[in-house]
2 protein chains.
Amino acid sequence: MDSFGDTIRKLREDNELPLRTVAAFLDIDQAILSKIERGQRKPTREQVVKLAEYFKVKETDFLVAWLSDKLVYEVEDEDIALKALQVAEEKVKYITKNKGKK
Amino acid sequence: MDSFGDTIRKLREDNELPLRTVAAFLDIDQAILSKIERGQRKPTREQVVKLAEYFKVKETDFLVAWLSDKLVYEVEDEDIALKALQVAEEKVKYITKNKGKK
DNA sequence: ACCTGTTTTGACAGATTTTGTCAAATTTAG
DNA sequence: CTAAATTTGACAAAATCTGTCAAAACAGGT
């Protein structure tokens with residue numbers, strides 16, 4: 001069960017790229033990328049999109065990994081985490097179902 | 001499928017209380033409470049807890065409604081919203097399962 | 001129409017969080 | 001030991017959050 005950070009670290013290491021190179025492509029300091037890879041910082045949506053492009057991964061896959069990480073982060077110190085996620089799921093289903101109506 | 005704001009508005013109106021009164025209990029301006037009820041502002045965790053106390057509702061129920069609202073807010077303009085929630089659910093299950101280990 | 005109390009709106013401000021830079025320290029690989 | 005790569009932490013600018021305040025809009029009663 002890898003976090004987004006784990007994923008891009010593996011990709012970067014498999015391609016034997018230094019932080020510097022990838023960070024330059026993202027237009028940020030390598031310190032930030034280092035922290036993102038280790039889960040100390042959350043990347044922005046734009047950075048995730050760029051990373052998908054850079055590593056030639058389906059953008060949607062990266063976005064799902066990133067967004068779900070954010071959700072986990074948001075609920076993780078609540079013991080009602082699971083329940084909240086499930087209720088949120090129902091709400092989203094309800095909302096998309098009634099999209100455009102009324 | 002009510003949002004947290006809908007819920008407390010109904011409770012307040014059922015008890016025929018003006019915004020002023022409830023807002024005073026929360027120690028905020030009534031303008032904020034008005035916005036919270038209509039979903040224009042997100043209440044803080046502490047406010048949710050106080051509201052549960054005020055309306056004599058189980059704190060957990062309010063926290064679930066509140067947290068799930070926040071989650072919906074966070075994903076709602078992504079078309080991968082549902083998938084992200086589901087992945088987040090898996091991650092949370094995985095994390096709580098391995099709590100205290102390693 | 002006119003009061004009176006309630007609610008909503010929007011401009012504003014202070015506090016907090018996010019997002020990043022930079023340089024120094026640490027780690028890793030020869 | 002050296003050189004490159006990575007990590008750490010102090011700091012700053014920008015963005016977001018949380019609230020106040022006063023004016024505008026609304027609702028009900030007389």
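So you know, we letter chains A, B, ... as the sequences are listed, proteins then strands, and number each from 1. What you see is a predicted model; the values in this text were computed from it and never measured.
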Practice problem: Report the relative orientation of the aromatic rings in B:Phe4 and B:Phe62; use parallel for angles under 30°, tilted for 30 to 60°, perpendicular for over 60°. | Solution: perpendicular
Separation of [N] [atom2] from [X] [atom1] (nearest whole Å):
X       : N      : atom1 : atom2 : result
A:Leu19 : D:dT8  : CG    : C1'   : 13 Å
B:Leu17 : C:dT7  : CG    : P     : 9 Å
A:Lys70 : D:dT16 : NZ    : P     : 11 Å
A:Glu74 : D:dC17 : CD    : C1'   : 13 Å
B:Leu26 : D:dT18 : CG    : P     : 14 Å
B:Arg12 : C:dT6  : CZ    : P     : 10 Å

Exercise. Mark up nucleotides 13-30 of chain C, 5' to 3', with B wherever a protein heavy atom is under 4.0 angstrom from a base atom, S wherever such an atom reaches only the sugar-phosphate, and - elsewhere.
Key: ------BBBB--------
Hey, is the side chain of [X] poking within less than 4.0 Å of OP1 or OP2 on [N], counting only N and O atoms?
X       : N     : answer
B:Gln40 : C:dT9 : yes
B:Arg38 : C:dT9 : yes
A:Arg20 : D:dT6 : no
B:Ser34 : C:dT7 : no

Within this structure, what is the [atom1]-[atom2] distance for the pair [X] and [Y], rounded to the nearest 0.5 Å?
X       : Y       : atom1 : atom2 : result
A:Trp66 : A:Lys42 : CH2   : NZ    : 9.5 Å
A:Ser3  : B:Lys91 : OG    : NZ    : 7.0 Å
B:Leu71 : A:Leu85 : CG    : CG    : 5.5 Å
A:Tyr94 : B:Asp2  : OH    : CG    : 8.5 Å
B:Ile36 : B:Asp69 : CD1   : CG    : 11.5 Å
A:Gln47 : A:Ile28 : CD    : CD1   : 4.5 Å

Quiz prompt | Difference in axis direction between the ends of the helix from C:dA1-D:dT30 to C:dG30-D:dC1, five pairs, 10° | solution = 40°
Quiz prompt | Partner of B:Val57 under side-chain contact (heavy atoms from CB on, under 4.5 Å), chosen from B:Thr7, B:Ile8, B:Leu11 | solution =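 With B:Val57 as partner, side-chain contact (heavy atoms from CB on, under 4.5 Å) holds for just one option, B:Leu11.
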Quiz item: Which one of A:Gln30, A:Arg38, A:Glu37 satisfies the side chain to side chain donor-acceptor pair (under 3.5 Å) criterion with A:Ser34?
Solution: A:Arg38
